[in-house]
Asker: 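Quick one: the structure is below, questions incoming.
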Amino acid sequence: MTELAGRYADVDGTRIYYEAVGDSNDQSVVLVHTAGADGRQWRYVAPALADRGYHVVVPDLPGHGKSYPTEWEPHVRIGQHADAVWALGEHLNLDQPAIGGCSIGGDVTLDIAVNHATDLTAAVAMEGAGKTRGAQLGRLSHSHAIPGWQDVLDYSVIDSTGPDCPAEYRTELAWQHRSAQEVATNDLQAWADFDILEDLHRAECPVMLVRGDADYFIQDDVFAETVERLPDCEPIVLNGVGHYPMMERPDEVTELLDEFIERQ
């Protein structure tokens, strides 16, 4: 399998880390990670897509992983993340890319689809929606607010994966989240505040909306409302999958992405 290679880019004054794999002349696909995590979540899917003939770019969002935060402050809105991802794509001269993401990355995907539909080949939003619900966690971004944050995230990851998720992948997911309290709480606040339902009609590119039926973060009504408002939407429900399809079922997600993008 082709290996990912890490690189840095200066995007609007912010040092952004991303990994890329595949021939840059092939169809580009940008993949966005979940709250408080980084691009490692796509390490199984990205090389597999490259082996199928795609050029795949996996950024660490500002303030996550190896990327510095924008002006040394965490993002507090999904739109800020979306703007950063799009700016990276422009910096890399990606032409008509496909965009995919999970959780806040799914919300980022929908935000980009709304604002850049004509410049996209397709969008695949997993475990995201036009309006997402969550607790008000922004006030907990300081380390003293939750001294046991690492344990909280461990429990959250374990509880929100599907029953068939391999144990070693669940352990890997928990580790990815352990040191990200400040960015994670602001990510989750941004998730709770996210609402672009009234703008979804502008997402005129083909959109696949993916949900695991074991994911309690995306409720049935939230999923249905998003499907109803997107003008060109293919809904997919994955049985026995939780909040992290690309880690729980990487082969299935690779197949979904490949098949959907190839049809466009």
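What you see is a predicted model; the values in this text were computed from it and never measured.
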Asker: Drop me the distance from Asp26's CG to Leu49's CG, to the nearest 0.5 angstrom.
Answerer: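 One gets 11.5 Å once the value is rounded to the nearest 0.5 Å.
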
Asker: Over all heavy atoms of both residues, which pair between Ala46 and Leu4 is shortest? Give the atoms and the distance, please.
Answerer: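 Between these two residues, the closest heavy atoms are CB-CD2, 3.9 Å.
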
Asker: Do the charged groups of Arg249 and Asp164 touch, with an N to O distance under 4.0 Å?
Answerer: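 Answer for the salt bridge query: yes.
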
Asker: Does Ser67 use its side chain to pair, donor to acceptor, with the backbone of Gly63 at less than 3.5 Å?
Answerer: no

Asker: Would you say the side chain of Val253 lies within less than 4.5 Å of the side chain of Met126, judging by non-hydrogen atoms?
Answerer: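 Touching, per the 4.5 Å side-chain cut-off.
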
Asker: Go through the structure and list residues passing salt bridge (charged side-chain N to carboxylate O under 4.0 Å, His left out) with Asp10, not counting sequence neighbours.
Answerer: none

Asker: Is there a donor-acceptor contact under 3.5 Å from the side chain of Thr121 to the main chain of Gln96?
Answerer: yes

Asker: Do the charged groups of Asp193 and Lys131 touch, with an N to O distance under 4.0 Å?
Answerer: no

Asker: For Val222, is there any backbone N or O sitting under 3.5 Å from a side-chain donor or acceptor partner on Asp220?
Answerer: no

Asker: Between the main-chain N or O of Val241 and the side-chain N or O of Arg211, is there a donor-acceptor pair closer than 3.5 Å?
Answerer: no

Asker: What heavy-atom pair brings Thr132 and Gly128 nearest, and what distance separates the two atoms?
Answerer: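 Closest heavy-atom pair between Thr132 and Gly128: CG2-C, 4.4 Å.
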
Asker: Tell me, yes or no, whether the heavy-atom count around Glu71 atom CD, taken from other residues, nucleotides or ligands under 6.0 Å, exceeds 12.
Answerer: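 No, the 6.0 Å shell around CD holds no more than 12 heavy atoms from other groups.
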
Asker: Could you state the interatomic distance from CG (Asp83) to CD (Glu90), rounded to the nearest 0.5 Å?
Answerer: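 If I round to the nearest 0.5 Å, the distance is 10.0 Å.
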
Asker: Starting from the C-alpha separation in whole Å, work towards a yes-or-no answer on salt bridge (Lys or Arg N to Asp or Glu O under 4.0 Å) for Arg263 and Glu234.
Answerer: CA-CA 12 Å; Arg263 280 194 276 120; Glu234 180 174 336; 2.8 Å; yes

Asker: If I take atom NE2 from residue His81 and atom CD1 from residue Ile112, how far apart are they, to the nearest 0.5 angstrom?
Answerer: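 If I round to the nearest 0.5 Å, the distance is 11.5 Å.
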
Asker: Taking all non-hydrogen atoms of both residues into account, name the closest pair between Val45 and Leu31 and its distance.
Answerer: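 Heavy-atom minimum between the residues: CG1-CD1, 4.4 Å.
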
Asker: Side-chain donor-acceptor pair under 3.5 Å between His55 and Ser24, yes or no?
Answerer: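 There is no such pair (donor and acceptor under 3.5 Å, judged by atom type) between the side chains of His55 and Ser24.
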
Asker: Donor-acceptor pair, Asp60 side chain versus Lys66 backbone, under 3.5 Å?
Answerer: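 Looks like yes, one N/O pair under 3.5 Å.
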
Asker: Keeping Trp191 on the side-chain end and Arg133 on the backbone end, is there a donor-acceptor pair under 3.5 Å?
Answerer: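 Side chain of Trp191 to backbone of Arg133, a donor-acceptor pair under 3.5 Å: yes, one is there.
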
Asker: Could you give all pairs that pass the ring-ring contact (aromatic ring centres under 6.0 Å, His included) test and reach residues 206-230, with sequence neighbours left out?
Answerer: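 Residue pairs passing ring-ring contact (aromatic ring centres under 6.0 Å, His included), neighbours aside: Phe217-His243.
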
Asker: Quick one: closest heavy-atom pair of Val183 and Gly36, and the distance?
Answerer: CG2-CA, 4.3 Å

Asker: Can you find a side-chain donor-acceptor pair between Thr34 and Gln41 that sits under 3.5 Å?
Answerer: yes

Asker: Give a yes or no answer on whether the side chain of Trp42 reaches the backbone of Met246 with a donor-acceptor pair at less than 3.5 Å.
Answerer: no

Asker: If I compare all heavy atoms of Glu73 with all of Pro69, which pair ends up nearest, and what's the gap?
Answerer: O-CB, 3.6 Å

Asker: Indicate yes or no: at least one non-hydrogen side-chain atom of Ile99 is less than 4.5 angstrom from one of Val124.
Answerer: no

Asker: Does the Asn186 side chain pair with the main chain of His75, one donor and one acceptor, at a distance under 3.5 Å?
Answerer: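 Checked: no pair found.
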
Asker: Which side-chain hydrogen bond (donor to acceptor under 3.5 Å, both in side chains) pairs, counting each pair once, include a residue from residues 111-120, with sequence neighbours left out?
Answerer: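 For residues 111-120: Trp86-His116, Asp111-Asn115, Asn115-Arg202.
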
Asker: Can you run down the ring-ring contact (aromatic ring centres under 6.0 Å, His included) pairs that involve residues 17-36, sequence neighbours left out, and say none if there aren't any?
Answerer: Tyr8-Tyr17, His33-His64

Asker: What I'd like to find out is whether the side chain of Val30 reaches to under 4.5 Å of the side chain of Thr109, using heavy atoms alone.
Answerer: no

Asker: Counting C-beta onward and ignoring hydrogens, is there a side-chain heavy-atom pair between Val32 and Val85 closer than 4.5 Å?
Answerer: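 Touching, per the 4.5 Å side-chain cut-off.
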
Asker: Step by step, work out the side-chain hydrogen bond (donor to acceptor under 3.5 Å, both in side chains) result for Asp251 and Tyr44.
Answerer: CA-CA 8 Å; Asp251 293 342; Tyr44 301 106; over 6 Å; no

Asker: Can you name the residues that form a side-chain hydrogen bond (donor to acceptor under 3.5 Å, both in side chains) with Arg229, not counting sequence neighbours?
Answerer: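 In terms of side-chain hydrogen bond (donor to acceptor under 3.5 Å, both in side chains), with neighbours along the sequence ignored, Arg229 is linked to Glu198.
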
Asker: List the residues meeting ring pair (Phe, Tyr, Trp, His ring centres under 6.0 Å) with Phe260, not counting sequence neighbours, and say none if there are none.
Answerer: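 Testing Phe260 for ring pair (Phe, Tyr, Trp, His ring centres under 6.0 Å), a comparison that skips the adjacent residues, returns none.
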
Asker: Counting only heavy atoms not in Gln264 (residues, nucleotides, ligands), do more than 12 fall under 6.0 Å from its CD?
Answerer: yes

Asker: Is the number of heavy atoms from other residues, nucleotides or ligands within 6.0 Å of OH (Tyr169) greater than 12?
Answerer: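 Yes, because the 6.0 Å sphere around OH of Tyr169 holds more than 12 heavy atoms from other groups.
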
Asker: Between the main-chain N or O of Phe194 and the side-chain N or O of Asp107, is there a donor-acceptor pair closer than 3.5 Å?
Answerer: no

Asker: When rounded to the nearest 0.5 angstrom, what distance separates CD1 in Ile196 from CD1 in Ile78?
Answerer: 9.5 Å

Asker: Please find the pair of heavy atoms, one from Val76 and one from Ala190, that lie closest to each other, and give the distance.
Answerer: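 So the minimum-distance heavy-atom pair works out to O-CB, 3.4 Å.
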
Asker: Report the C-alpha separation of Ile16 and Leu61 in whole Å, then their side-chain angles, then the decisive distance to 0.1 Å, and conclude whether the side chain to side chain contact (heavy atoms under 4.5 Å, CB included) test is met.
Answerer: CA-CA 7 Å; Ile16 297 295; Leu61 291 171; over 6 Å; no

Asker: Verify the distance criterion only: is there a donor paired with an acceptor across the side chains of Asp215 and Tyr244 at less than 3.5 Å?
Answerer: no

Asker: Is the number of heavy atoms from other residues, nucleotides or ligands within 6.0 Å of CG (Asp213) greater than 12?
Answerer: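 Atom CG in Asp213 is crowded, with more than 12 foreign heavy atoms closer than 6.0 Å.
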
Asker: Would you say Asp199 and Leu197 make side-chain contact, with heavy atoms under 4.5 Å?
Answerer: no

Asker: Quick one: OG1 on Thr2 to CG on Asp51, what's the gap to the nearest 0.5 Å?
Answerer: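 Thr2 OG1 to Asp51 CG: 4.0 Å, rounded to 0.5 Å.
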
Asker: Donor-acceptor check, side chain of Glu248 to backbone of Pro166, threshold 3.5 angstrom: yes or no?
Answerer: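 No; zero donor-acceptor contacts below 3.5 Å.
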
Asker: Rounded to the nearest 0.5 Å, how far does CD1 of Ile261 lie from CE of Met208?
Answerer: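 Going from the CE atom of Met208 to the CD1 atom of Ile261 covers 9.0 Å.
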
